2 protein chains.
Amino acid sequence: MTGTPRQLAREQTMRDIVRIGREQLASVGPADLSLRAVARELGVVSSAVYRYVRSRDELLTLLIIDAYDEMADEVDAALADAPTAPRAQLHALASAVRDWAVREPSRYALLYGTPVPGYDAPAERTTEPGTRVVMSLIAILEIAFAEGHVEHEPRRLARSVRRDLDAIRREYALTMPADLLSRGFAVWSGLFGAVSFDVFGQYGPGTFSDPAAFFEHQVDALADLVGLS
Amino acid sequence: MTGTPRQLAREQTMRDIVRIGREQLASVGPADLSLRAVARELGVVSSAVYRYVRSRDELLTLLIIDAYDEMADEVDAALADAPTAPRAQLHALASAVRDWAVREPSRYALLYGTPVPGYDAPAERTTEPGTRVVMSLIAILEIAFAEGHVEHEPRRLARSVRRDLDAIRREYALTMPADLLSRGFAVWSGLFGAVSFDVFGQYGPGTFSDPAAFFEHQVDALADLVGLS
DNA sequence: ACACAAATGTGAGCACTGCTCTTGTTTTCC
DNA sequence: GGAAAACAAGAGCAGTGCTCACATTTGTGT
């Protein structure tokens, strides 16, 4: 299990690099993330870091995966602790996302803010961790639908949209109708819209004295969107 | 009206700087915006630009105001052309925002993406242009409410939230109830959540073959949120 | 056990960035 | 015309990502 000392040292160094990058990110924002600063903190000359991380973009990828996973882990934990009523589950998921985002604004920005220019995340490494939360959301909706906890009046869909949604339904073996799934996506984007406005201060300073309470109402509205009881 | 040649030249140069900055932004993203590159394009040495623009942040401020205004202008134009039915007006507003955002992703990112680290927009200059769109949205809702075009069942609000919303209602002399205004904010954040997901590619490539059509459904959902008819 | 190869760290260097400061030039105003 | 203000130039500082030649350490096959 344990490899050579050199392998162990390498793994430790990789962990250190991600840790330092994460700390840097907390204080400086994605665009100003500096490999040289990481090297300094690591007590090593700047070029040495390139033995471990191909480029700054590679470091970003590592931090993105790290952040997606931590957020999703906290969502999972919150869902496990919450009552099983679908509306309660949705609130638990939403609050977990918001709490994490408020606590880690830079890392949240890395995931859901402006894509870092000139960088595109390698899909094969970030897709899986990046979809965990929305998968949880869809799962909540799917279970609620199966158990009859969603009041939903059918709506017409454009053909292309229906086709795309049906493809998703097939891929994940969903029983809920396509128009409900469409609403589920609206909840998803609405959720992250609300969190982003909150975290990025789009409401303006001092507009809401208790942002968390206001956020709860926003989530309530989203729950109504899919008729959750 | 027309000042000295020097004043005219200065105004022209300022316009050129904003124009070049806008062009740069289109190809490079907010964080990589370079004053030196602007100077090069302007055919002048880098330090000369500082005669016109105090710092890179100052240039960002100019570009932010420029972008807010252009987006709001297009929204206004779209609203003027659209049918007066509130739901049609909402669709017109939403589509105008999305169209502009898709056409100008970097400038959209400047407004609604990650705040540029270390930079905070001077409120006294960006607040007014930055609130034009949401003002239009609230106006649509207010008129729809006044004319009885909104079916809305009252909802309880947390005290602090009600207090904040009442302050806003007073400030803008709104007749709609606070809980409807709350829903209006949900529409607002939901709208920009949907646009951001769309523009920033959060759905993943190829998920939706006709993103514009899907977006329409998202807006439909948001319209239901405030019971627009 | 020893040699060879792979992995790791060093330091110099390139081209770029934002920004400052001194120096010289041009335009405006009295 | 001459003083004052505005402007442009160029050098320079500290920082960035990244590459490369070189030295050192570590792992492995014979």
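The structure displayed is predicted, hence computed values, not measured ones. Numbers restart at 1 for each chain; the letters A, B, ... are given by sequence-line order, proteins then strands.
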Original post:
With a 4.0 Å cut-off on heavy atoms, is Ser46(A) in touch with a base, just the backbone sugar-phosphate, or nothing at all?
Top reply: base
Subject >> Between CD1 on residue Ile64(A) and CG on residue Leu25(A), distance to nearest 0.5 Å >> reply: 9.5 Å
Subject >> Selected nucleotide, minimal atom distance to Arg10(A) side chain, candidates dC19(C), dC18(D), dT8(C) >> reply: dT8(C)
Original post:
Between dA21(D), dG18(C), dG11(C), which nucleotide has the shortest distance from any of its atoms to the side chain of Arg51(A)?
Top reply: dA21(D)
**OP:** Go through the steps to decide whether Tyr108(B) and Thr114(A) satisfy the test side chain to side chain donor-acceptor pair (under 3.5 Å), and finish with yes or no.
**Re:** CA-CA 9 Å; Tyr108(B) 175 81; Thr114(A) 312; over 6 Å; no
Original post:
Do Ser47(A) and dG11(C) have a side chain to base donor-acceptor pair shorter than 3.5 Å?
Top reply: yes
**OP:** Take the protein atom OH of Tyr50(B) and the nucleotide atom P of dC21(C), then report the distance between them rounded to whole Å.
**Re:** 12 Å
Original post:
Can you check the Leu8(B) CG to dT26(C) P distance for me, whole Å?
Top reply: 20 Å
Subject >> Rounded distance [0.5 Å steps], CH2 in Trp100(A) versus CG in Leu111(A) >> reply: 4.5 Å
Subject >> Test applied, salt bridge (charged side-chain N to carboxylate O under 4.0 Å, His left out); reference residue, Asp66(B); option that passes from Arg107(B), Arg19(B), Arg125(B) >> reply: Arg107(B)
Original post:
Which one, dG18(C), dT16(D), dA8(D), comes nearest to the side chain of Val44(B)?
Top reply: dA8(D)
Subject >> Distance, rounded to the nearest Å, where Met14(A) contributes CE and dT8(C) contributes C1' >> reply: 14 Å
Subject >> Among dC18(D), dA9(D), dT10(C), the nucleotide that comes nearest once only the side chain of Val45(B) is considered >> reply: dA9(D)
**OP:** Mind running side chain to side chain donor-acceptor pair (under 3.5 Å) on Ser106(B) and Gln24(B) for me, showing each step along the way?
**Re:** CA-CA 10 Å; Ser106(B) 292; Gln24(B) 269 231 339; over 6 Å; no
Original post:
Can you find a side chain N or O atom of Tyr52(B) that sits less than 4.0 Å from OP1 or OP2 on dA8(D)?
Top reply: yes
Subject >> Interatomic distance where CG belongs to Leu33(B) and P belongs to dC19(C) [whole Å] >> reply: 11 Å
**OP:** Starting at atom CD1 of Ile17(A), determine the distance to atom P of dT8(C), rounded to an integer number of angstrom.
**Re:** 11 Å
Original post:
Between atom CD in Glu41(B) and atom P in dT17(C), what is the gap in whole Å?
Top reply: 13 Å
**OP:** Would you mind classifying the nucleic acid contact of Leu42(B) as base, sugar-phosphate or nothing, using non-hydrogen atoms under 4.0 angstrom?
**Re:** nothing
Original post:
If you measure only the distance, is there a donor-acceptor pair under 3.5 Å linking the side chains of Gln89(A) and Ser136(A)?
Top reply: no
Subject >> Candidate nucleotides dA8(D), dC19(C), dG27(D), ranked by approach to the side chain of Arg36(B) - the nearest >> reply: dC19(C)
Subject >> Under-4.0 Å side-chain N/O to phosphate OP1/OP2 contact, Arg40(A) with dT16(D) >> reply: yes
**OP:** Check every strand shown and say whether Leu59(A) touches a base, only sugar-phosphate, or nothing at a heavy-atom separation below 4.0 Å.
**Re:** nothing
Subject >> Arg54(B) CZ - dT20(C) P separation (whole Å) >> reply: 11 Å
Subject >> Separation of dG17(D) P from Asp32(B) CG (nearest whole Å) >> reply: 12 Å
Subject >> Residue Ala37(B), side-chain atoms from C-beta onward, closest of dT17(C), dC7(D), dC19(C) >> reply: dT17(C)
Original post:
Below 4.0 angstrom from OP1 or OP2 of dG17(D), is there any side-chain N or O of Ser34(A)?
Top reply: yes
